[in-house]
Every structure is written in structure tokens, then in C-alpha cells.
Amino acid sequence: MKMTEEQRKAMRITVDYTNMTDKYLGDKGYSAKQLDSYKYTAKVAHEYVTDNRGKDELFMGWTELPYNQKEIVADILETAKAVRKKFEYFVVLGIGGSALGPTMAFNALCHLHYNDLPKSKRKGPKFFVEDNVDPVRMKELLDIIDPAKTCFNVISKSGATSETMAQYLIISDILKAKGLSIKDHMIFTTDASRGNLVKISKELGGVKSYILPDGVGGRFSQLCPVGLLPAAVLGIDIKTLLQGAAYMDKLCRGSHDFRKNPALLCATLQYAAMKDGKNIGVLMPYSDNLRYVSDWYAQLWAESLGKNVTLDKKPCNVGQTPVKALGVTDQHSQVQLYTEGPYDKVVTFLSVTSYKEKTPIPHGCENIPDVSFLGGHTMEELIQAENKATAYALTKAGRLNYTITLPEVNEFTLGQLLFLFELQTAYAGAMFNIDTFNQPGVEAGKKATFALLGKHGYEAQKEELDQADSDPAYVV
Ligand code: PA5
């Protein structure tokens, strides 16, 4: 969708950090002077990210995704059109960064009961993201899809992730058994040249494949074919999603003053809080559509910042544990802890100014004031009031919180939000002077799985793992 500058401004997302400051939090909040003490750190982080934009060798290729995919987007739109025409089901096989993005965009921008809608009311095929190897889940997926009418998008940068490749083996076996061609039913999204899916594609005579660019790691890949193809299949306007990302990039690129740069502001607030021992970061969207943004963000934040060594090889143990919460649902489960428990958290609210539905609450129960006051309002007013009330209660209790507001949930605002979080993460990593883009801790688990399942070359580790079996003396 082409947008005017006015329309873009009206859809600009904002960050309100009043409740991080001493204005209402007193000595539990930050004074202007305290925040100013992070000015230099923020400036250096901004310079690091700006200077290294687009560098594949540093895994910073994701910064250019809003700009360098014209031909890929055109190709994706063509493929998506064909997929919509031919298939009734679209199944993503992937995990981690190869799954959370597609899930998040699906939930944010499609009908919340999309798969239950009749075909005429859906823009695309029924949609599933299979990001686990729970055997029950795989079996039960197969109970409800017809492989002959399904397109499987196998997403794996390495093509060596046990979960995804096990799924690939199962599905390709089923397709073969049914006399269906893998080439007709699968699309790969993978590394340009090195991954195993590249080899498999060659062996099969060329499976339609999209490239997960070299300088883009899994958790920064939502805005490349990893996320764009599934989104396009669902009828999501991927051009506007990318425009939203570019808009946020523009807002952040030019200024190393954290008070003028939304992503640098969020990074600085979180960094300051982490330095003060706030090791838990709660992300609490007041929108069911944004629910899975928390899952996506949790991976981005945890995997990027959870590190034990700095870039100059000094030991450290940094990071912040991301917690997913949903407003208002989790007001009735977790907010008690946030308000009265330890002072170890920062709560980030995601608020929405205008929901796509207002849903009026009718008058009724006029003789029961506890109920009748609700009549005449809308559910939009109710959720917004509860959002404001929770922020107020936390602030009253001296708890750090800030709010990111989306004027609406749409492609343009989601693109902005994703890019804000990606930049925030890159800035925060630079503040800690760590490698934001590696994940040795994840790799360690992947390798241990290889060993346990008898992969060649992992024999010594298998032996070590066998010896580390639990001691019956400690099993109750
Ligand atoms: O962010 C990451 O790099 C990881 O979460 C990966 O996306 C995940 O482990 C899947 O890896 P791959 O795409 O190689 O299958």
C-alpha cells in the first residue's frame, strides 16, 4: 500500500518512558541526570551499529532488508499467488528464528480464528507452524491436513537442525509414499550455498528455494523470505511491512541521542535497568494480535544478550530473562508479583490506540451497579482502561515500566515494531560489548542431541553424556 508522509506520521509508534523516571517513581525511577550518565554509552552503541550496518561478516545484514529485496519480494508475491491457488494448507517446518517470525506475523495480522474461517473468508490456505518435535503434535497435524493439498515450507538456515530435518524426513517420506513429488509440495528457505537443504534440492533436481542471506541470523530473519513468504501466502501486505521497518530505521538512524531515537531509548532504559540488577524484562501486549510478538521478542532478546564473554574476550554473564505476559489475561495471574514481588523487573507494555474492532458492551443488569457500569462502554475502552490502570498501579508501587504504543495493529506498525526491537537488541548488545549475533549456548544443545542420536563424529560426546546419566540415588 502506498502511504503519504501524513499517513505514515499518523501510524508512527511511540515510546513513553515517563514511568521509568523519578517523576512518579521517586527514588525508584531514573532522574534526568542518571539517564544522562548513559549518553556516552548510547552514543558509542549507536555508532557501532551504524558503522557496521549491512556487514555480513558481523551478521548485520538484517539492517538492509527493508531496502534490498525488490526482486525477491516480487518473486515471493508470484509464488504466494500460485500457492494460494493450488493448496488448501500451508505448513511451515522450522524452529526458533525460522518459526517465531511467521507465527508472530500470522497472529498479528490475520483473523484470530483464521484457520476456522470458511475458505471464502480467508485470503490464503489454512496455516500451521510446526516448531516442535512432539510426536503427538506431528501425528495430529497429519490427522487434519491432506498432504496432497499441502505446501510445506521447510525453513532452516543450516539444514542441520535435528527438529526441522526430522520433520522434513517424515513429510518427504509421506509424500513419496503417496506418489507425490517433493518438488511440487515443498519450498525451501535456506542458506545460499552451504546448508543441507541446498544439497537436497540439487539431488531432487531443484526444489523452489529462497535464500536466507548470509548476514542474517535466524532471530533477525523475519523480514527476509523466512517471514515474508509465509506472510505473503496469508495475504499480508509484505511491502508495507518492509516500509514500516524502513520508517523505524529512519527514525533511529540519524540520532545518537537516546531521547530522540526510539530503539536507542529502549536499549538505554533496559541497559540502565540491567546494570541495576533488573534481570527480568516482561513484555506485556494489551492485544491478542500482538501476543506472539512476545514469543518472537523473547528469543531475540534472550539469545542475543545472554552471553558469557565480551568481544574482547573478558568473562561476563549478561542478559535479561524475558517474560511473556498478555494484557489483560495475565493481570489475573502475574501482576500481583510484578506489583509486590522483588524489584527485579522492567515491564514493557505494548498498547494499541485503535483496535480494528470496538465491540460495544450493551446496557444491562441495571439493578446491579457492579455490573451495570460497564454498559455503554466498548471492549476497546475496557482493555485500554485496564492497560492504563495496570501501568498506574505498577508506578504507584515504584515499579519500572514503559509503554510502546501502536496507533493500530497493521503491516506498517508491525514492521516498525520489529525493527525497533531488532535495533534495540543490537544497541543493547553493543552497550555490553558482546557478540549479539552468535548463539553458542544453542549450538551446544544441538550438538549434544546429535551425539545422543548417534550422529557420526560425536562418539566421544555420546560417551560423556551416557556417563552423565542421573544417579538413581537422587531420584525420588
Ligand atoms: O536464531 C537462531 O539462529 C536460532 O534460533 C535458529 O533460528 C534455530 O536454531 C534454527 O536454526 P536453522 O535455521 O539453522 O534450522
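The analysis underlying the following values was restricted to heavy atoms, covering all of them including side chains, and did not include hydrogens, waters or symmetry mates. Order of listing sets the numbers, starting from 1, for every ligand and every atom in it.
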Report task. For a side-chain hydrogen bond (donor to acceptor under 3.5 Å, both in side chains) with Q424, tell me which candidate from W301, Y297, Y271 qualifies. Result ->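 Testing each of W301, Y297, Y271 against Q424, the sole residue satisfying side-chain hydrogen bond (donor to acceptor under 3.5 Å, both in side chains) is Y297.
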Report task. Give a yes/no verdict on a cation-pi contact between K208 and Y210, requiring under 6.0 Å between NZ or CZ and the six-membered ring centre and an angle within 45° of the axis. Result ->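 Judged by the rule (NZ or CZ under 6.0 Å from the ring centre, within 45° of its axis), K208 counts as positioned above Y210.
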Query raised in the report: Salt bridge check: are E47 and K43 linked by an N-O gap of less than 4.0 Å?
Result: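 Looking at E47 and K43, the cut-off is met.
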Requested in this report: For a ring-ring contact (aromatic ring centres under 6.0 Å, His included) with Y114, tell me which candidate from F128, F106, F127 qualifies.
Outcome: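 Exactly one pass, corresponding to F106.
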Requested in this report: Run through ligand 1 for me and note each protein residue having a heavy atom under 4.0 Å from it, chain first, then residue number.
Outcome: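 I95, G96, G97, S98, S156, K157, S158, T161, G218, R219, Q299, E303, Q439, K446.
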**Report entry** Y17: ring pair (Phe, Tyr, Trp, His ring centres under 6.0 Å) partners, not counting sequence neighbours
**Finding:**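 Applying ring pair (Phe, Tyr, Trp, His ring centres under 6.0 Å) to Y17 gives none.
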Query raised in the report: Does one side chain, of N433 or D312, offer a donor that lies under 3.5 Å from an acceptor on the other?
Result: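 Side chains of N433 and D312: pair found under 3.5 Å.
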